[in-house]
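When reading the values below, keep in mind they use all heavy atoms of this one structure, side chains included, and skip hydrogens, waters and symmetry mates. Chain letters run A, B, ... following the sequence lines, proteins first, then strands; residues in each count from 1.
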Number of protein chains: 2
Amino acid sequence: MTTAHERYERFCADIKAVGLRMTEQRKVILRVLAEATDHPDANALFQRAYAKDGSVSLATVYRTLRLLEDKGAIQRHAFDDGRARFENTDTDHHDHLIDLDTNAVIEFRSEKIEKLQAEIAAELGYEIVRHKLELYGRKRK
Amino acid sequence: MTTAHERYERFCADIKAVGLRMTEQRKVILRVLAEATDHPDANALFQRAYAKDGSVSLATVYRTLRLLEDKGAIQRHAFDDGRARFENTDTDHHDHLIDLDTNAVIEFRSEKIEKLQAEIAAELGYEIVRHKLELYGRKRK
DNA sequence: AATGCAATTGCGAATGATTTGCAAGAAAAG
DNA sequence: CTTTTCTTGCAAATCATTCGCAATTGCATT
């Protein structure tokens, strides 16, 4: 299990690795991202960062998000509600089950499904670069 | 196999079923939708409808789209490129493979994957209402 | 510690997709 | 043909996200 602090260090390393500067704003945003265990959207991240440091702007949150996404440090998801949501990529790959009543996001992973996907793509003459599997459902009672 | 004309008739029935009016514009838009075999976005649908009848506006295309989506007659997809794309729901359920180079959308269906998904959701205590499986890949050479 | 300069910021304006308010136009019912 | 109510097109309004730009700030070098 990776800790929030380890994630933060890794983000910093990613930034410096390409000669980018470590600004106050970036530090705050990276920390917020590293601490997130949910799937926040850009505005939620901005709120959290702004609470820690009022000098952070929404534009910079978006810029930092894009930066990290390009480096593969975080992942962007476009669930059915329109706006983009983000999560760390240091954890193992997994898919999502979205609770239609609460909007909660549950992570899961199935080796079998991963394998089947690759097989299907191969049959169609394709190689999978990435995939998105989202189950939308309700709790059974 | 459902024909475009049958689909059109069904759309009309859906509209009239709730006491809505059958206007010229709606007729044109329904026809365009019924004839679509691809996954057009709102603007593409507007272009096609406008070509048939210059009195159709983009706003009405959006309004009609939402109408049909609410009735479950068409389905909205949010692929990773941001804008919404639509398709008829009269065909059997299927998933999508998106060609990253050409943006082409290939449909497929796997019984095994469907079954696995249901199993996974059940394990987590959920019942699937709908799901979305998108493979993003490149042609193998 | 002071200097220089390119990277970075916040702001507000721009964007692109989609929605909405409203007055004018057209169905359906009488 | 009239009335009532639904629909429309247009333009303005949203929403999420991006961009231009002048001001600021890291950071490598003195």
Nearest non-hydrogen partners of Tyr50(B) and Val56(B), listed with the distance | CD1-O, 3.4 Å
Take atom CG of Leu45(A) and atom P of dT17(D), then tell me their distance rounded to the nearest Å.
-> 11 Å
Just how far, in rounded Å, is P of dT18(D) from CG of Leu65(A)?
-> 9 Å
From CG of Asp53(B) across to P of dT8(D) the rounded distance in Å is 11 Å
Phosphate OP1/OP2 of dT19(C): any Arg63(B) side-chain N/O under 4.0 Å = no
Rounded to the Å, how far apart are Phe46(B) CZ and dT8(D) C1'?
-> 13 Å
Length of the CG-C1' vector between Leu58(A) and dG12(C), whole Å = 13 Å
Test item: Arg85(B) and Val105(B) side chains (from C-beta on) under 4.5 Å apart, heavy atoms = yes
Check each residue of residues 15-34 of chain B for a non-hydrogen atom within less than 4.0 Å of any atom in DNA chain C, then write out the ones that pass by number, or none.
-> Arg21(B), Met22(B)
Ring pair (Phe, Tyr, Trp, His ring centres under 6.0 Å) filter on His5(B), not counting sequence neighbours, yields none
Is Arg76(A) positioned over the aromatic face of Phe86(A), cation under 6.0 angstrom from the ring centre and no more than 45 degrees off axis?
-> no
Measure the distance from CG on Asp70(B) to P on dT19(C) and round it to the nearest whole Å.
-> 10 Å
So does Tyr62(A) get a side-chain nitrogen or oxygen closer than 4.0 Å to the phosphate oxygens (OP1/OP2) of dT17(D)?
-> yes
When the distance from CG of Leu68(A) to C1' of dT8(C) is rounded to whole Å, what number comes out?
-> 15 Å
List the atom of Asp14(A), the atom of Ala73(A), and the distance in Å for their closest heavy-atom pair.
-> OD2-CB, 3.5 Å
Quickly work out the Arg76(B) CZ to dA17(C) P distance and round it to whole Å.
-> 14 Å
Consider the side chain of Ala59(B), meaning its heavy atoms from C-beta on, and name the nucleotide among dA11(D), dG12(C), dT17(D) that approaches it most closely.
-> dA11(D)
Carboxylate-amine/guanidinium proximity below 4.0 Å for Arg48(B) and Asp38(B) | yes
Is the cationic atom of Arg130(B) (NZ for Lys, CZ for Arg) positioned less than 6.0 Å from the six-membered ring centroid of Tyr136(A) and within 45 degrees of its normal?
-> yes
